[in-house]
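Below you'll find the structure, written out as structure tokens, and then a few comments.
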2 protein chains.
Amino acid sequence: METQTVQNKRPGGRSAAVLNSVKVAVEELVQERGRERVTIPMVAERAGVNPTSVYRRWGDLQTMINDIATYRLDPSRPIPETGSLKSDLTAWAREIVEHYRNPTNAALLRGGAASAGETESDCTRNRRAEAGMMVQRYGTASPITPDEVLDHLVAPIIYRVIFLPWTLDETTADSLVDVLFANR
Amino acid sequence: METQTVQNKRPGGRSAAVLNSVKVAVEELVQERGRERVTIPMVAERAGVNPTSVYRRWGDLQTMINDIATYRLDPSRPIPETGSLKSDLTAWAREIVEHYRNPTNAALLRGGAASAGETESDCTRNRRAEAGMMVQRYGTASPITPDEVLDHLVAPIIYRVIFLPWTLDETTADSLVDVLFANR
DNA sequence: CTCCTAAAGCAATTATGTTTGCGTTACTCG
DNA sequence: CGAGTAACGCAAACATAATTGCTTTAGGAG
């Protein structure tokens with residue numbers, strides 16, 4: 001699942017309009033029908049665009065969806081920096097939970113899960129890098145390792161997003177962090 | 001994702017043979033090409049069966065794969081009962097890890113993930129029920145709740161299966177249980 | 001063993017997704 | 001602006017998936 005944004009030598013005007021309406025169409029359809037039941041002709045029709053344009057720009061559905069999904073949860077967004085590891089992780093986890101409480105983002109994650117596994121996805125790699133960054137800030141004496149963050153903070157969130165989305169609420173992030181820091 | 005085994009008024013002989021060769025074909029193909037790139041005609045050809053038979057019995061690919069996946073990790077298998085909650089959970093987690101270290105089972109899980117979300121899948125429900133059973137055995141004074149088992153034992157395993165399968169080894173289950181019981 | 005019919009096989013048809021060649025539009029650079 | 005060309009739209013060709021009516025095979029009750 002490699003996700004390099006499909007670049008365009010004429011990014012403005014009509015191309016931008018096509019990109020935008022396709023993006024909206026994909027998000028709507030993935031949310032309405034689930035990643036499995038979305039096809040390129042379907043997206044093209046909803047977007048008011050010719051299917052050929054989609055095929056020529058992205059090649060196939062997976063590439064297109066990965067490309068579109070990249071626009072969300074920007075990898076270059078600022079990582080919380082609040083003064084303590086615990087509050088950084090809380091803020092960060094809340095962001096992730098809020099992101100995936102959006103059904104479109106959840107559906108895109110599920111779609112990505114299906115094709116994950118052989119190679120580390122951008123999504124996973126980014127989460128790991130961000131976790132490492134926060135932990136390192138507070139030195140090697142940190143009570144928490146990046147792997148623990150993945151296992152006990154990211155994993156429960158992602159598991160719930162995929163399999164138990166209705167259990168995600170605004171308290172999820174905080175209580176997971178509490179458990180992570182209990183007795184340390 | 002509803003998974004009711006497609007029942008057959010003539011379960012023996014030829015039907016059984018078809019079911020079996022289709023099952024093998026699905027497992028091979030899902031493992032070889034990933035859930036996304038498997039089609040019914042493909043499965044039928046590999047199985048040496050007419051595609052029509054597959055369409056008529058299962059209707060579509062998702063139903064078929066869910067049905068086939070149900071044959072694995074038998075829900076009526078015995079739950080470990082070793083005398084302590086910690087060792088029960090360890091044995092149970094080891095089973096799950098071993099199950100999903102098989103690439104076919106991992107691929108089927110990823111395929112299921114794609115269509116999960118709207119309704120609780122059998123797989124998830126069973127894990128939760130099993131966790132509850134083990135915890136209850138040792139009374140309400142238990143230091144661990146079923147939800148904690150899901151968040152901190154099941155979730156990390158499933159997360160790794162889907163996104164980081166190469167990080168699963170024979171120590172994974174034990175160390176996750178150790179963390180779960182640390183300081184309790 | 002025999003009959004009944006569920007399930008499988010086959011072939012023709014329909015539907016849908018994908019590719020391709022070519023003409024048209026309109027972004028961008030000078 | 002105006003020329004050059006990237007990207008789009010259209011329509012036809014192609015490929016493959018799904019459906020359907022009919023025939024054949026064989027499981028299982030009596």
Side-chain angles (χ1 to χ4, degrees), chain A residues 4-30 32-68 70-71 107 111 114-115, chain B residues 2 4-30 32-68 70-71 111 114-115:
Chain A
Q4 80 278 15
T5 296
V6 177
Q7 87 285 53
N8 199 319
K9 293 183 180 176
R10 288 181 180 174
R14 183 157 70 162
S15 286
V18 167
L19 173 61
N20 211 54
S21 53
V22 167
K23 181 183 155 188
V24 171
V26 166
E27 291 171 357
E28 285 178 2
L29 287 167
V30 165
E32 286 171 23
R33 311 173 45 93
R35 161 72 177 74
E36 302 292 274
R37 291 173 188 171
V38 174
T39 66
I40 286 182
M42 214 174 224
V43 169
E45 190 190 317
R46 174 76 61 106
V49 158
N50 197 291
T52 311
S53 304
V54 177
Y55 283 115
R56 288 221 235 256
R57 200 192 280 204
W58 286 283
D60 64 36
L61 197 71
Q62 192 58 50
T63 303
M64 181 188 68
I65 289 187
N66 288 341
D67 187 54
I68 301 269
T70 301
Y71 288 94
S115 63
Chain B
E2 59 254 25
Q4 80 279 19
T5 296
V6 176
Q7 86 287 54
N8 200 317
K9 292 182 180 177
R10 287 182 180 173
R14 183 156 73 160
S15 287
V18 167
L19 174 61
N20 211 53
S21 52
V22 167
K23 181 183 154 188
V24 171
V26 165
E27 291 171 356
E28 285 178 2
L29 286 167
V30 166
E32 286 171 24
R33 311 174 44 95
R35 161 74 178 71
E36 304 291 275
R37 292 173 188 169
V38 175
T39 66
I40 287 182
M42 211 175 229
V43 169
E45 190 189 317
R46 173 77 60 107
V49 158
N50 196 292
T52 310
S53 304
V54 177
Y55 283 117
R56 288 219 237 255
R57 200 193 276 200
W58 286 283
D60 63 37
L61 197 71
Q62 192 58 50
T63 304
M64 181 188 69
I65 289 187
N66 288 341
D67 187 54
I68 302 268
T70 301
Y71 288 93
S115 64

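Keep in mind the model is a prediction, meaning the values are calculated, not measured. Numbers restart at 1 for each chain; the letters A, B, ... are given by sequence-line order, proteins then strands.
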Exercise. Under 4.0 Å between a Lys/Arg side-chain N and an Asp/Glu carboxylate O for A:Glu27 and A:Arg46?
Worked result: no
Problem set entry | N-O pairing of A:Glu28 and A:Arg33 below 4.0 Å | no
Within this structure, what is the [atom1]-to-[atom2] distance between [X] and [N], rounded to whole angstrom?
X       : N      : atom1 : atom2 : result
B:Arg57 : D:dA18 : CZ    : P     : 18 Å
A:Trp58 : C:dT18 : CH2   : C1'   : 16 Å
B:Glu45 : C:dC10 : CD    : C1'   : 16 Å
B:Asn50 : C:dA11 : CG    : C1'   : 10 Å
A:Arg37 : D:dA17 : CZ    : P     : 19 Å

Exercise. For B:Arg37 and A:Gln62, does a side-chain donor sit closer than 3.5 Å to a side-chain acceptor?
Worked result: no
Exercise. Cut-off 3.5 Å, side chains only: do A:Thr63 and A:Asp60 have a donor facing an acceptor?
Worked result: yes
As a test of reading the structure: which of [options] is closest to the side chain of [X], going by heavy atoms?
X       : options                : value
A:Ile40 : C:dT18, D:dA17, D:dC10 : C:dT18
A:Ser53 : C:dT18, D:dG9, D:dT19  : D:dG9
B:Thr52 : C:dT19, D:dA17, D:dG21 : D:dG21
B:Asn8  : C:dA7, D:dC10, C:dG17  : C:dA7

Exercise. Under 4.0 Å between a side-chain N/O of A:Tyr55 and OP1 or OP2 of C:dT19, yes or no?
Worked result: no
Seminar exercise, completed: Quick tally for nucleotides 22-30 of chain C: nucleotides whose base has a protein heavy atom under 4.0 Å get B, sugar-phosphate-only ones S, the rest -, giving B--BBBS--
For this session: Calculate, to the nearest 0.5 Å, the distance between atoms CG and OH belonging to A:Leu61 and A:Tyr55 respectively.
Result: 8.5 Å
For this session: State which residue, out of A:Val43, A:Leu19, A:Val18, fulfils the side-chain contact (heavy atoms from CB on, under 4.5 Å) condition with A:Val49.
Result: A:Val18
For this session: Assign each of B:Met42 and A:Gly48 to its nearest nucleotide of DNA chain D by heavy atoms, then name whichever residue's nucleotide is nearer the 5' end.
Result: A:Gly48
Problem set entry | Heavy atoms of other groups near B:Glu32 CD, more than 12 under 6.0 Å | yes
